[in-house]
Amino acid sequence: MPELPEVEVTRRSFADAIAGARVLELRLGKPLRWPLGVTPQSLVGRRVGEVRRRGKYLWLPLEPGGLLLHLGMSGSLAFREHAPPAGPHDHFELLTDRGSLRLTDPRRFGAVVWSDALDADPAAKLLAGLGLEPFDARFDGAHLHAGLSGRRVAIKQALLAGDIVVGAGNIYACEALFRAGIDPRLQAQRLSRPRAGRLALAVREILAQAVEAGGTTLRDFKDAHGVAGSFQMQAQVYGREGEPCLVCGTPIRRIVQGQRSTYYCPSCQKR
DNA sequence: ACAACCGCCTGTCAGC
DNA sequence: TGCTGACAGGCGGTTG
């Protein structure tokens, strides 16, 4: 589910409300992707710091140390003063004196992992190898072009890999390539330097626009206050197989790359 | 170093 | 109605 915009929208929706809250209790449901790595009891009484984001991860400081959260494919966070009884897909809940932060994740690809610091394991290991943040000034055409050199996979897959730039998942990678007019099947190393500049800009713009729109709600994404996103209304290609391109009218095509669906306009997007 | 797969889970939807 | 298979917003691990 959640790509960078959804994670960022979630972060913004509860960061201020939870900052400074004192932990009363930690409740766990079924196991998530990895073990928590700390006893719930040991977190009681700690104060929540300023929630941060790195890529699609959230860092919830509970000095000394903190929790690294990932929403996986189907996870969402809710922060409420009074939470309803936990359901079968609620697998993590931090009860504080300001309210309850709860992770709901039907598929359980998500994770909540204790780490003594962001630059200590396991957080450091999970974050190692992540590319630049898309809104980092260092992320530009030159960085993207350099990152793509020597790579023979398709540009779409290289973008998705997240080691050059983080945050563009399946939806936004498709949308950014459309915006930049680049065929998703183009071999990564064959993207020219000028086109890399255009693609870097497109990635930034698409992600910024999606954050602005509150993220994409295809099925069930909601921010921590239950507000849905609306970027799906602006999607040009994602999920539009067979429908006319909004620019040229050519039917949008769906292909499979790396076992993921790619949507693109065969007329607007060139190799 | 890179690339192609696999698996983790559950829910939903299309087709028969 | 029920069954089956495809598919879903991510990503780490294994294999070649």
Side-chain angles (χ1 to χ4, degrees), chain A residues 1-10 29-35 37 53-58 68-77 87-92 103-113 121-131 146-177 185-190 203 206-207 210-211 213-223 228-235 237-242 254-263:
Chain A
M1 163 205 269
E3 305 180 32
L4 182 145
E6 290 72 38
V7 177
E8 177 61 16
V9 165
T10 297
K30 290 189 191 173
L32 292 164
R33 180 162 197 164
W34 298 296
R53 179 190 57 74
R54 173 74 175 104
K56 298 172 192 169
Y57 287 91
L58 288 177
L68 195 64
L69 284 77
H70 196 287
L71 302 180
M73 286 280 268
S74 57
S76 62
L77 284 171
H89 302 311
D90 298 332
H91 304 303
F92 167 91
L103 173 68
T104 303
D105 184 3
R107 293 179 74 178
R108 290 191 281 130
F109 288 179
V112 182
V113 178
D121 282 340
K125 195 175 179 199
L126 290 171
L127 302 180
L130 290 189
L148 295 173
S149 79
R151 294 225 207 173
R152 279 170 295 191
V153 285
I155 180 68
K156 154 83 173 344
Q157 290 168 267
L159 214 49
L160 220 47
D163 55 342
I164 304 172
V165 58
V166 294
N170 208 29
I171 297 178
Y172 302 117
C174 291
E175 295 298 325
L177 286 164
R185 299 166 299 176
L186 177 71
Q187 202 178 56
Q189 64 182 356
R190 300 187 62 177
V203 167
I206 286 289
L207 293 176
V211 170
T216 296
T217 299
L218 290 181
R219 177 181 306 276
D220 50 16
F221 169 72
K222 303 275 174 58
D223 73 12
S230 68
F231 184 82
Q232 66 280 4
M233 309 299 294
Q234 303 175 50
V237 290
Y238 189 84
R240 299 193 63 241
E241 181 182 16
R254 182 180 87 94
I255 58 173
V256 175
Q257 295 180 290
Q259 294 139 283
R260 320 277 312 266
S261 288
T262 297
Y263 299 86

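Order of the sequence lines fixes the chain letters, A, B, ..., with proteins taken first and strands second; residue numbering starts at 1 for each chain.
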Practice problem: Verify whether one side chain among A/Asp223 and A/Thr10 offers a donor that lies under 3.5 Å from an acceptor in the other. | Solution: no
Exercise. Search all heavy atoms of A/His91 against all heavy atoms of A/His89 and return the closest pair with its distance.
Key: CD2-O, 3.2 Å
Quiz prompt | Length of the line joining A/Leu126:CG and C/dG13:C1', which is rounded to integer Å | solution = 13 Å
Quiz item: Which one, B/dC9, C/dG9, C/dC11, comes nearest to the side chain of A/Arg108?
Solution: B/dC9
Practice problem: Write down the distance between CH2 (A/Trp34) and P (B/dC9), rounded to a whole number of angstrom. | Solution: 13 Å
Quiz prompt | C1' atoms of C/dG9 and B/dA4, separation to the nearest Å | solution = 22 Å
Quiz item: Got a salt bridge between A/Lys30 and A/Asp90, using NZ or NE/NH1/NH2 to carboxylate O under 4.0 Å?
Solution: no
Quiz item: If a stem is a run of at least 3 consecutive Watson-Crick or G-U pairs, both distances under 3.5 Å, which stems include DNA chain C?
Solution: B:2-8 with C:10-16, B:10-16 with C:2-8
Practice problem: Scan A/Phe231 against the nucleic acid and name what it touches under 4.0 Å (heavy atoms): base, sugar-phosphate only, or nothing. | Solution: nothing
Quiz prompt | Length of the line joining A/Leu160:CG and C/dG12:P, which is rounded to integer Å | solution = 12 Å
Practice problem: Could you pick out which residue, A/Ala168 or A/Arg254, lies toward the 5' side of DNA chain C when each is mapped onto its nearest nucleotide? | Solution: A/Arg254
Exercise. Nearest whole angstrom, please: distance from the P of B/dG11 to the NE2 of A/His89.
Key: 4 Å
Quiz item: Base, sugar-phosphate alone, or nothing: which one does A/Lys125 contact when heavy atoms must sit under 4.0 Å apart?
Solution: nothing
Self-check item: Flag, side chain of A/Gln187 to backbone of A/Val153, donor-acceptor distance under 3.5 Å
Solution: no
Quiz item: Would you say A/Arg260 reaches C/dC7's phosphate, i.e. side-chain N/O to OP1/OP2 under 4.0 Å?
Solution: no
Practice problem: Ignoring hydrogens and angles, tell me if any N or O in the side chain of A/Gln232 forms a donor-acceptor pair with the backbone of A/Leu218 under 3.5 Å. | Solution: no
Practice problem: Nearest whole angstrom, please: distance from the P of C/dC7 to the CG of A/Leu218. | Solution: 17 Å
Exercise. Would you check if there is a donor-acceptor pair between the side chains of A/Tyr238 and A/Thr216 at a distance under 3.5 Å?
Key: no
Quiz item: Taking the P atom of each, how far is B/dC6 from C/dC7, in whole Å?
Solution: 14 Å
Quiz item: Could you give the CG-to-P distance, from A/Asp105 to C/dG9, as a whole number of Å?
Solution: 15 Å
Quiz item: Sub-3.5 Å donor-acceptor pair from the side chain of A/Arg53 to the main-chain atoms of A/Val7, do we have one?
Solution: no
Quiz item: So what does A/Tyr238 hit on the nucleic acid, given a heavy-atom distance under 4.0 Å: a base, only sugar-phosphate, or nothing?
Solution: sugar-phosphate
Quiz item: What is the distance, rounded to the nearest whole Å, between atom CG of A/Leu130 and atom P of C/dG10?
Solution: 14 Å
Self-check item: Selected nucleotide, minimal atom distance to A/Arg219 side chain, candidates B/dC9, B/dT12, B/dG11
Solution: B/dT12
Practice problem: Sugar-phosphate means primed atoms, P, OP1 and OP2; the rest is base. With that split, encode nucleotides 2-8 of chain B 5' to 3' as B, S or - using protein heavy atoms under 4.0 Å. | Solution: -SSBBBB
Self-check item: Residue-phosphate contact under 4.0 Å: A/Ser74 side-chain N/O, B/dG11 OP1/OP2
Solution: no
Practice problem: Take atom P in C/dT14 and the same atom in B/dC9, then report the distance between them in whole Å. | Solution: 16 Å
Quiz item: Going by atom types alone, do A/Thr262 and A/Lys156 pair a side-chain donor with an acceptor below 3.5 Å?
Solution: yes
Practice problem: Test A/Tyr263 against every option in A/Arg240, A/Glu175, A/Glu241 by the side chain to side chain contact (heavy atoms under 4.5 Å, CB included) rule and name the one that passes. | Solution: A/Glu241
Quiz item: Over how many whole Å does the gap from A/Met73 atom CE to C/dC7 atom P extend?
Solution: 13 Å
Practice problem: Respond yes when some side-chain nitrogen or oxygen of A/His70 is under 4.0 Å from OP1 or OP2 of C/dG10, and no when none is. | Solution: no
Quiz item: For A/Val203 and A/Ala176, which heavy atoms make the closest approach, and how far apart are they?
Solution: CG2-CB, 3.8 Å
